Amino acid sequence: MLRTIAHVLLAVELGAGFGAASAELVSTTSNAIQVDLRVEVTQSAETVIAHLVAEGESPLALPLLQREPGVFGIRTELKAVNYRVVFELIGPDPARSEPTSLMELGVELRAVGIESTTTTDPENLPEDVTRWLWLAIAFGAASLSALAFWVLGGDSRQASSNDDSTESADDDI
């Protein structure tokens, strides 16, 4: 109950197809933190991806799992850095959230000894990093398309093999 209240109090409204988003510091080690990211979507979504960017770090693209209808999340281990987070909704009406930081989402990084935090605006990323990010998004979209083609194409192959067997039965008569 208390955890749910904390999520509601620390939630950030992101707009553009997203409802409230939050992040919770689950555990810490000497060089990493375990964070639980959570975001609500207000429209139909096939998947949601969290893009995390921090100065001096490689950008991360984490696919979120659907936890309940309209709620996606992931528990992951990260370096103890105040990442900038942009959520991307993939579905009939794709959308991107406004950038926010882990601290704005509710992660208390001061607890692990980080006083000053630096973040990078996703729009000011180096060109090679942006290229890799778009390549990752394109690869994900192509994979989803191939999966849909394979699933939907399986029915047509089965129907055409049934038609062939019917034709050969007619030829025998």
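Quantities reported herein were computed from a predicted structural model and do not represent experimental measurements.
How far CD of E108 is from CD of E24: 12.5 Å, rounded to the nearest 0.5 Å. Rounding to the nearest 0.5 Å gives a distance of 7.5 Å between NZ of K79 and OG of S58. We find the CG-CD distance between N31 and E77 to be 7.5 Å, quoted to the nearest 0.5 Å. Atoms CZ and CD1, on F72 and I49 in that order, are 11.0 Å from each other to the nearest 0.5 Å. Once rounded to the nearest 0.5 Å, the distance linking OG1 of T29 with CD of Q34 reads 9.5 Å. Between atom CG of residue L25 and atom CG of residue L105 there is a gap of 13.0 Å, rounded to the nearest 0.5 Å.
The two residues L89 and S44 make their nearest non-hydrogen contact at CD2-O, 3.7 Å. Considering all non-hydrogen atoms of both residues, A50 and L64 come closest at CB-CD2, 4.0 Å. Contact detail for P63 and I74: the closest heavy-atom pair is O-CD1, 3.6 Å. Residues F18 and S97 share a closest heavy-atom pair of CE1-N, 3.5 Å. E46 approaches L144 most closely through the heavy-atom pair OE1-CD1, 4.3 Å. The two atoms that bring G19 and T42 nearest to each other are N-CG2, 3.8 Å, heavy atoms only.
Using a 4.0 Å cut-off between charged nitrogen and carboxylate oxygen, R84 and E55 do not count as a salt-bridge pair.
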Exercise for review: Take V35 and Y83, measure what side-chain contact (heavy atoms from CB on, under 4.5 Å) needs, and give me the verdict at the end.
Suggested key: CA-CA 11 Å; V35 175; Y83 285 90; over 6 Å; no
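In this structure the side chain of V81 never reaches within 4.5 angstrom of the side chain of L52, judged on heavy atoms. When side chains are defined from C-beta on, L102 counts as touching L78, because their heavy atoms get closer than 4.5 Å.
The salt bridge (Lys or Arg N to Asp or Glu O under 4.0 Å) analysis of residues 58-73, with sequence neighbours excluded, yields the pairs D36-R67.
Residues L62 and V85 fall within the same hydrophobic cluster, defined by Ile, Leu, Val, Met, Phe, Trp and Tyr side chains chained together at heavy-atom separations under 4.5 Å. L60 and V107 fall within a single hydrophobic cluster, where Ile, Leu, Val, Met, Phe, Trp and Tyr side chains are chained together by heavy-atom contacts under 4.5 Å.
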